[in-house]
Amino acid sequence: MPRLNIVQAVNQGLRQEMDRNPAVIVLGEDVGLDGGVFRVTEGLLARFGEDRVIDTPLSESGIVGIAIGMAAYGLVPVAEIQFMGFLYGAMEQLISHASRIRTRSRGRYHCPLVVRTPYGAGIHAPEHHSESTEAMLVHTPGLKVVVPASPYEAKGLLISAIRDPDPVIFLEPSRIYRAIKEEVPEKEYSIPLGVARRVREGEDLTLISWGAMLQPMVAAANHAATEGISAEVIDLRTLSPIDSESILVSVRKTGRVVIVHEAPRTGGLGGEVAALIAERALDYLEAPIVRVTGFDTAVPLPKMENYYLPNKERVLQAIHHVMEV
Amino acid sequence: MPRLNIVQAVNQGLRQEMDRNPAVIVLGEDVGLDGGVFRVTEGLLARFGEDRVIDTPLSESGIVGIAIGMAAYGLVPVAEIQFMGFLYGAMEQLISHASRIRTRSRGRYHCPLVVRTPYGAGIHAPEHHSESTEAMLVHTPGLKVVVPASPYEAKGLLISAIRDPDPVIFLEPSRIYRAIKEEVPEKEYSIPLGVARRVREGEDLTLISWGAMLQPMVAAANHAATEGISAEVIDLRTLSPIDSESILVSVRKTGRVVIVHEAPRTGGLGGEVAALIAERALDYLEAPIVRVTGFDTAVPLPKMENYYLPNKERVLQAIHHVMEV
Amino acid sequence: MPRKPIKQFSVEWLQILDEQGQPDRPLLPALSPKEIQSLYEWMVLARVFDEKALALQREGRLGTYAPVRGQEATQVGSAHALGPADWVFPAFREMGVGIVRGIPMRMLFQYWSGDERGSEIPLHQHYFPTSIPVGTHIPHAVGAAWAAKLRKDPVVVAVYFGDGATSKGDFHEAMNMAGVFHLPVVFICQNNQWAISMPARRQTAAPTLAQKAIAYGFTGIQVDGNDIFAVYKVAKEAVEKARAGDGPTFIECLTYRMADHTTADDASRYRTEEMLKPWIAKDPIKRLRKFMDIESLWTSSYGEQVRTEAERRVAESVKEFEAQPPPDPADMFRYTYYELTPPLKEQMDDLLNFLKDREPKKE
Amino acid sequence: MPRKPIKQFSVEWLQILDEQGQPDRPLLPALSPKEIQSLYEWMVLARVFDEKALALQREGRLGTYAPVRGQEATQVGSAHALGPADWVFPAFREMGVGIVRGIPMRMLFQYWSGDERGSEIPLHQHYFPTSIPVGTHIPHAVGAAWAAKLRKDPVVVAVYFGDGATSKGDFHEAMNMAGVFHLPVVFICQNNQWAISMPARRQTAAPTLAQKAIAYGFTGIQVDGNDIFAVYKVAKEAVEKARAGDGPTFIECLTYRMADHTTADDASRYRTEEMLKPWIAKDPIKRLRKFMDIESLWTSSYGEQVRTEAERRVAESVKEFEAQPPPDPADMFRYTYYELTPPLKEQMDDLLNFLKDREPKKE
Ligand SMILES: Cc1ncc(C[n+]2csc(CCOP(=O)(O)OP(=O)(O)O)c2C)c(N)n1
Ligand SMILES: Cc1ncc(C[n+]2csc(CCOP(=O)(O)OP(=O)(O)O)c2C)c(N)n1
Ligand SMILES: [Mg+2]
Ligand SMILES: [Mg+2]
C-alpha cells in the first residue's frame with residue numbers, strides 16, 4: 001500500500017470524489033494552476049478543467065458565499081480557504097447562511113458544502129497563519145467540524161465530509177501536513193463522521209485531543225507508559241457533532257482526564273469536553289480535569305510559538321498532576 | 001433618583017462620557033437622526049453634531065474597521081452594530097485586528113474601542129435578531145466582553161467599557177431593554193470590569209448566568225426559596241476576563257451548580273464555567289454540574305422562540321435535579 | 001496636467017412612461033394588452049397584500065413587517081422578465097416578486113408571522129428563502145449562476161437587494177466574481193432611496209448606483225423604477241443577454257420606499273411629509289393606470305374588479321394562514337442537519353419531555 | 001434602444017519617463033537634482049535590502065519573506081510624496097515605503113524573522129504595523145483619516161495594498177466610506193499584476209483597477225508604477241488635494257512583481273520566463289538611472305558608491321538584527337491587554353515556572 005502524507009491523502013480523496021461525482025467541484029484562491037499554496041489541489045485543474053477547479057479572486061466571504069449558492073443549486077463544492085486565519089472574513093456566510101439554509105427552508109434546500117482550511121500553529125509562518133478557533137465553529141449549530149490527525153484519517157474523513165449532506169468544515173493540521181507518512185489505501189474508503197477514535201488503550205487516565213496535538217499527546221502517553229502509567233488516548237476527530245459517548249466510556253473507566261488543544265484556553269473546546277464530563281461522569285472522577293492548551297493570547301510569531309504550543313513535556317506534567325491526586 | 005430602563009441608562013452613560021471626553025465618538029447605522037433602532041443613541045446627534053455622532057453606510061466590517069483606525073489615532077469610538085446577528089460581518093476586524101493591535105505593536109498602539117450591540121432572543125424579531133454568540137468573543141484573546149443585566153449595571157459597566165484602554169464588546173440584552181426600570185444615579189459612576197456580582201446570597205446551590213437570563217434564573221431562585229432551597233445567584237456580567245474567583249468561592253460553599261445561558265449548549269460559555277469548576281473545585285462538588293441553555297439549533301422564528309429560550313421552569317427543573325443528587 | 005484618458009464609461013437612464021403615463025412610444029416593450037393588464041393586476045395584488053399585512057401587524061396578528069409600497073413596478077416588472085426556470089434570490093422586501101413567482105400568499109403571511117413554515121417554498125418556484133443580513137445573499141445568486149452554467153442549464157439568476165446593500169462587502173465580492181466568471185446573473189438593485197434612516201446620497205458618494213458596475217467590468221444601467229415598462233424592458237434585455245452567455249448586468253431601479261422601513265420603524269423621525277409628497281405623485285400603480293387609461297385598457301369598473309379580486313384573494317390567504325395549526329416544537333431540531341445528531345436527539349427528547357407535563361409557555 | 005446617457009466617466013493614465021528614461025519634460029515634477037538622487041538612493045537601498053533578505057531567508061536566518069523587487073518606484077515615489085506627520089498603513093510588502101519612512105531596517109529584518117519586536121515601530125513614524133489579512137487594513141486608514149479630520153490635524157493618510165486586495169469586501173467598505181465622508185486618504189494600489197498565482201486580469205473583469213474608484217464617487221487614476229516621477233507626481237497631487245480637504249484619491253500603480261510571491265512560493269508553477277522578461281526591461285531603478293544618465297546626474301562611480309553605501313547600511317542592520325537577544329516568553333502575555341488579566345497572569349506564571357527547570361524547546 002502506498003505511504004502518503006496528509007497533503008497527498010487529501011489530494012487523492014479529492015480526486016477520487018471528483019472522479020466519482022461530477023457535482024463535486026473545487027474552488028478557492030490559487031487552487032488551480034498553483035495547486036494550492038500547500039499543493040493539496042495539485043493536478044486537479046489538469047484533470048478536471050476550469051469549470052470544476054475554480055481559481056477565485058481574493059474574496060473569502062465570496063468564496064463561501066458562492067459555494068452556498070452552488071450547493072443550493074445542486075453542486076457539491078469543496079472550498080479552500082488558504083489559512084484558517086482568513087476564514088473570519090467568511091464567518092457571516094458560515095454562521096448566518098451555510099449552517100442555516102436547511103433549517104431556514106425546512107429541508108427544501110440544503111448545503112452539502114465542504115470548507116477545507118489549513119489550521120494550527122507550528123509552521124513558522126507570519127501572523128494569522130496559526131489559528132485554531134475550531135470552538136467557534138463547533139458553537140455554530142448546522143455546521144459539522146472535522147479534524148484529521150493522520151493521512152489515513154484525512155482521506156477517509158474527507159470522503160465522508162464530501163458525501164455528507166450538510167456543511168462540513170474540514171480543518172487540516174498544517175503542522176503535520178508532511179510530517180507523517182502512513183499507508184493509505186488507493187481505493188476510496190470513508191470514516192464515519194461523529195465517531196471518535198481510540199488511538200491507544202489505557203486504564204489510568206484518558207487523554208483527549210485532535211489534530212496536530214495528537215502527536216505530543218501520544219508521545220507523552222508513550223513516555224508515561226515507561227513510568228508505569230497507562231494512558232488511554234482519544235482522537236476526537238469529529239468536533240461537531242461531538243462523540244460524547246466515547247469520551248464518557250473512557251472516563252468512566254479511567255476516572256482521570258487531560259484534555260489537550262492548541263487553541264487559547266478560555267472558551268476553547270476543552271471547556272465543552274470538561275463540561276460534558278462534569279455533567280455526566282462526575283461520580284467517576286478521581287482527580288480534577290486538567291486542560292493543556294494554548295494561552296489566552298494571539299499565537300505569537302515564530303520566534304515564540306514553541307512557548308505557546310502545548311508540547312510533550314507540558315502534557316506529561318499534566319499527566320503527573322492528575323495521577324498524583 | 002430617576003428610574004430608568006436599560007435604553008435610557010446606556011443613553012445617559014454615552015452622553016456623559018461624550019460630555020466628559022471629546023475623544024469619545026459614536027458611529028453606526030442609524031445612530032444619528034434616527035437615534036438607533038432601539039433609540040439608545042437618541043439625542044446624541046443634536047448634542048454633539050455629525051463629527052462625533054456618525055451615521056455610517058451599511059458596512060459592519062467597515063464600521064468596526066474604521067473604528068480601529070480611529071482608536072489607533074487617539075479617539076475612543078463607540079460603535080453600534082445594529083444586532084449581534086450582524087456582527088459576524090465584522091468578525092475578521094474584531095479577531096484579526098481589534099484584539100491584536102496592542103500586541104502586534106507591542107503596546108505602541110492600542111484600541112480603546114467599544115462595540116455595542118443588542119443581543120439575545122425573545123423580542124419576536126426576524127431571523128438573525130436573536131443571536132447570543134458571546135462564547136466566540138470570549139474565545140478571542142485581546143477582547144473584553146461585558147453584558148449588563150439591569151439599568152444600573154448597564155450605565156456603570158458602559159462607562160467602564162468606554163474608559164477601558166482595550167476593545168470591549170458590550171452586549172445589551174435587547175429582551176430586557178425596556179423591561180426593567182430601576183434607580184440609576186444621575187451622576188457618572190463606574191462598575192469595574194472583570195468582577196462578577198452576587199445577586200442573591202444562598203447556601204444550597206450556585207446559579208450562574210448573565211444578561212437576560214438573570215431574570216428567569218432569579219425567578220427560579222425565588223421560587224426555590226419557597227421550597228426551602230437557598231440558591232446563590234451570580235451575574236457574571238464580565239464574560240471576559242471571567243471572574244473565576246467569585247465562581248469558585250460560591251461553588252466551594254454550595255457544592256452544587258446550575259449554569260444558565262441562552263446560547264446553544266455545545267461550545268457555549270457554560271462549558272468554560274463548568275470546566276473551571278471541574279478543574280479547581282472538583283472536590284467540593286456534591287452533584288453534577290447542570291447547564292440550562294438554548295439548544296444546538298438556530299434560534300427559531302418568534303412562533304417557537306419560547307420553546308428555545310431557557311425559562312423559569314427549566315431552571316427550576318435543573319435546581320430540583322441538582323438538589324436531588 | 002496632461003494625463004491621457006484611457007477608458008471612457010457612461011451610465012444610461014431609461015424611462016418610457018412619464019409621470020402622466022404618457023409613453024415614449026418607440027420605446028414601449030412588446031407587451032400584449034392582456035400582459036399589460038396582468039402587470040397591473042400583479043401590482044394591485046402586491047399593494048393589497050401589503051396593506052393587509054400592515055393591518056394584521058397593527059392588530060398583533062403578524063410580527064414585524066417590511067412594506068413594499070412604492071416598489072411594485074420594480075418588483076413586478078423585473079419578475080415578469082424572468083422565466084419559470086430562472087432562479088430568484090430575494091432579500092426581505094420582495095413580496096411583489098414572490099407573488100409574481102406564485103409563492104402562496106399564505107406562506108408570505110406565515111413567514112412574517114414568525115412561522116418558519118412560511119419559508120418552505122416549493123422547489124420548483126426557484127425562489128430562495130428570505131435573507132435578512134443585508135447584501136449577504138448576493139454571492140448565493142452568483143454561485144447558483146455558476147452551477148447553472150456548469151450544468152449547461154439555460155437558467156438566469158436574478159438577485160434583489162436595496163441601495164443599502166451596495167455598501168456591504170458581500171455585494172462587492174459577488175459582483176466582482178460575476179464579472180470575472182461572466183455569469184448569467186441579473187443584479188436588481190431597488191434604490192428606494194432609504195436604508196432605514198439613511199438616505200441613499202449618504203450611503204455612497206457615487207451619484208448613481210448604476211455606475212458601481214463599472215468597477216466590475218460590466219454594464220450598469222439606471223431605470224425609472226416606478227415605470228414598469230422601463231423596468232420590464234431593461235430586465236428583459238438583461239435576462240436575454242445573460243441567457244445568451246453574455247454575462248451579468250446591474251440594474252438600478254430608482255424608486256421610493258413610501259412607507260416606514262418596517263412596522264418597527266417610524267420614518268417621521270428622519271424624513272418629512274414634504275420629502276414623500278413628490279413620490280406619491282410618482283406612484284407606479286397610478287402611472288400604469290394612467291397609461292392604460294390612455295390606451296383604453298382601463299375602466300373604473302375594471303379597476304374596481306381588479307381591486308375586489310385582489311382583496312378576495314388576500315382575504316382567502318389570510319384565512320388559510322390563520323387556519324394553520326401551531327408549529328411542532330420538534331421542528332426546531334429536525335432541520336438542523338439531515339439526520340438528528342445524538343446531542344440534538346437528546347435535547348429534543350428533553351424538551352418534549354419537559355413540555356409533556358406543561359402547557360407550552362406563551363408570552 | 002435609445003437610452004439617455006446621464007453620467008460620463010473617464011480614467012486617465014500618466015507616464016512621464018518612457019522605458020528608455022526619456023522624459024516628457026513638461027510633465028516632470030519639480031524635484032531638485034538632489035531629491036532625484038535621493039529617490040534613486042532609496043530605490044537602491046530597498047533593492048539591496050530585498051536581496052539581502054532573500055539571501056538570509058535561504059540561509060535559514062529569516063522566515064518567509066515577501067520580496068519587493070520591481071515595485072521600488074511605486075513605493076519610494078509615493079512615500080516621498082508624504083510629509084512626516086502623515087500616516088501610513090502598509091500591507092506586508094511595503095519594505096520600500098518603510099525604509100523611506102525611516103523604519104530601522106533592523107526592525108524589518110526582525111519582523112520577517114518572526115520576532116514581534118520588529119513591529120514595535122516608534123509612534124512618531126506614523127507607520128502602522130504590518131497587516132497580513134489582505135485588504136483588511138484599508139478601513140483602519142479611513143478611520144485614522146476621520147480622526148485626523150475631526151481633530152483638525154493637517155494629516156493625510158496613505159494606505160498601500162495590492163491588486164488582489166481590491167477584491168476583498170473591506171476594500172469596498174472602506175473606499176465607500178472614504179467617499180461618503182470625504183476623507184483625506186490616498187489609496188495606493190500596487191497593481192503588481194499578481195496575487196500569488198492569480199493574474200490581475202482574473203482578479204477582476206475591469207480593465208483597469210483605477211476605474212473602481214468610480215463606484216465610490218471619487219477619482220481613480222492609473223500611473224506607470226515603474227516610473228517614479230509619474231508615481232510621485234500623482235501621489236503628491238493626491239496628498240495635496242486630501243490635505244486641502246478635497247477628499248480621497250485612488251491611485252493604481254501599474255507595476256510588476258518580479259520575484260516569487262514569497263519565499264514560500266514558486267512562481268514558475270504559474271508564470272513563464274517569457275511573461276517576466278518585458279518587465280525586466282521596465283525595471284524602475286534602471287529607468288531612473290537612464291534618465292539620470294541623460295541628465296548627467298549619474299556616473300558609474302556614483303552608482304557604485306550608492307550601491308556600496310546601501311550594502312554597508314544593510315549589512316549594519318543585519319548585524320544589529322542578529323545581535324538582538326532572544327525574546328522573553330513573558331512578552332507573549334504582556335501586550336494582550338493594558339494590564340495582565342488574572343487568567344493571563346496565572347498562565348504566564350505557569351509557563352515561566354514550567355520553563356524554569358527546562359531548556360526552552362527549540363525545533
Ligand atoms: C448586515 C445587516 N446589517 C444591518 C441590518 C439591519 N437592517 C435591516 S434592513 C436595513 C436597511 C437596508 O437598506 P436597503 O438595502 O436599501 O434595503 P431596503 O430596506 O431599503 O429595502 C438595515 C440596516 C441587516 N438586516 N443586515
Ligand atoms: C484575507 C486573506 N486571504 C488570503 C491571504 C493569503 N495571501 C497572502 S498575499 C495574497 C495575494 C495578495 O495579492 P495582492 O493583494 O495583489 O498583493 P501582493 O502579494 O501582490 O503584494 C494572498 C492570497 C491573506 N493574506 N489574506
Ligand atoms: Mg433602500
Ligand atoms: Mg498583487
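Note that the structure is predicted; figures quoted are calculated from it, not measured. Chain naming here is simple, since letters A, B, ... match the order of the sequence lines and numbering starts at 1 in each.
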Q.
Less than 4.5 Å to any heavy atom of chain B: does that hold for the side chain of D/Leu150, its backbone, both, or neither?
A. side chain
Q) What part of D/His126 is in contact with chain B, defined as an atom under 4.5 angstrom from a non-hydrogen atom: side chain, backbone, both or neither? A) backbone
(Q) For B/Ser105, which atoms come within 4.5 Å of any heavy atom of chain D: side chain, backbone, both, or neither? (A) both
Q) Relative to chain B, which segment of D/Val157 carries a heavy atom at a distance below 4.5 Å: side chain, backbone, both, or neither? A) neither
(Q) Let me confirm one number: the CZ-OG distance from B/Arg104 to D/Ser131, rounded to the nearest 0.5 Å. (A) 5.5 Å
**Q.** Between D/Thr136, D/Thr341, D/Asp331, the one whose heavy-atom pairs under 4.5 Å with chain B are most numerous
**A.** D/Thr136
(Q) Is any side-chain heavy atom of D/Met177 closer than 4.5 Å to one of B/Ile63? (A) yes
Q: Go through the atoms of D/Tyr127 and report whether side chain, backbone, both or neither lie under 4.5 Å from a heavy atom of chain B.
A: backbone
(Q) Taking 4.5 Å as the heavy-atom cut-off, does anything in residues 26-34 of chain B contact chain D, and if so which residues? (A) none
Q: Quick one: which of D/Pro133, D/Ala141, D/Gly169 has the most heavy-atom pairs under 4.5 Å with chain B, could you say?
A: D/Pro133
Q: Ignoring hydrogens and angles, tell me if any N or O in the side chain of D/Glu120 forms a donor-acceptor pair with the backbone of B/Arg108 under 3.5 Å.
A: no
Q | Interatomic spacing from NE2 in D/His140 to SG in B/Cys111 - rounded to 0.5 Å | A | 8.0 Å
Q: Against chain D, work out which of B/Ala71, B/Ser96, B/Gly107 has the most heavy-atom pairs shorter than 4.5 Å and name it.
A: B/Gly107
Q.
Are there over 12 heavy-atom neighbours, none belonging to B/Tyr284, within less than 6.0 Å of that residue's OH?
A. no
Q: Output the option from D/Asn176, D/Ile121, D/Val142 having the highest count of non-hydrogen pairs under 4.5 Å with chain B.
A: D/Ile121
(Q) Looking at every non-hydrogen atom in both residues, tell me the closest pair between B/Asp166 and D/Thr336 and how far apart they are. (A) OD1-O, 4.3 Å
Q | Part of B/His110 lying under 4.5 Å from any heavy atom of chain D | A | neither
Q: Only counting residues at least two apart or in another chain, list the ones meeting ring-ring contact (aromatic ring centres under 6.0 Å, His included) with B/Phe170.
A: none
**Q.** Which atoms of B/Ala72 approach chain D - backbone, side chain, both or neither, heavy atom under 4.5 Å
**A.** both
Q: Under 4.5 Å, counting heavy-atom pairs only, tell me which of B/Glu245, B/Arg106, B/Met70 racks up the most with chain D.
A: B/Arg106
**Q.** Spacing of D/His137 atom NE2 and B/Ile101 atom CD1 [to the nearest 0.5 Å]
**A.** 11.5 Å
Q. Any idea which of B/Ser240, B/Ser59, B/Pro167 has the most non-hydrogen atom pairs under 4.5 angstrom with chain D?
A. B/Ser59
Q.
Are B/Ile66 and D/Glu173 packed together at the side-chain level, in the sense that at least one heavy-atom pair is separated by less than 4.5 angstrom?
A. no
Q: Side chain from CB out, backbone as N, CA, C, O: work out which of these in D/Phe181 comes under 4.5 Å of a heavy atom of chain B, or both, or neither.
A: side chain
(Q) What part of B/Thr56 gets within 4.5 angstrom of chain D, counting heavy atoms only: side chain, backbone, both, or neither? (A) both
Q | Shortest non-hydrogen separation from D/Arg151 to B/Gly74 and the atoms involved | A | NH2-O, 3.2 Å
Q | Residue B/Asp51 versus chain D: region with a heavy atom under 4.5 Å | A | both
Q) What option among D/Tyr338, D/Tyr337, D/Trp87, D/Phe128 has the most heavy-atom pairs under 4.5 Å with chain B? A) D/Tyr337
Q) Using a cut-off of under 4.5 Å for heavy-atom pairs, which of B/Pro57, B/Gly89, B/Gly142, B/Ala23 has the most such pairs with chain D? A) B/Gly142
**Q.** Part of D/Ala145 within contact of chain B (heavy atom distance under 4.5 Å)
**A.** neither
Q) Measuring from B/Arg100:CZ to D/Ile132:CD1, what's the distance to the nearest 0.5 Å? A) 10.5 Å
Q: To the nearest 0.5 Å, tell me how far D/Arg334 CZ sits from B/Thr103 OG1.
A: 11.5 Å
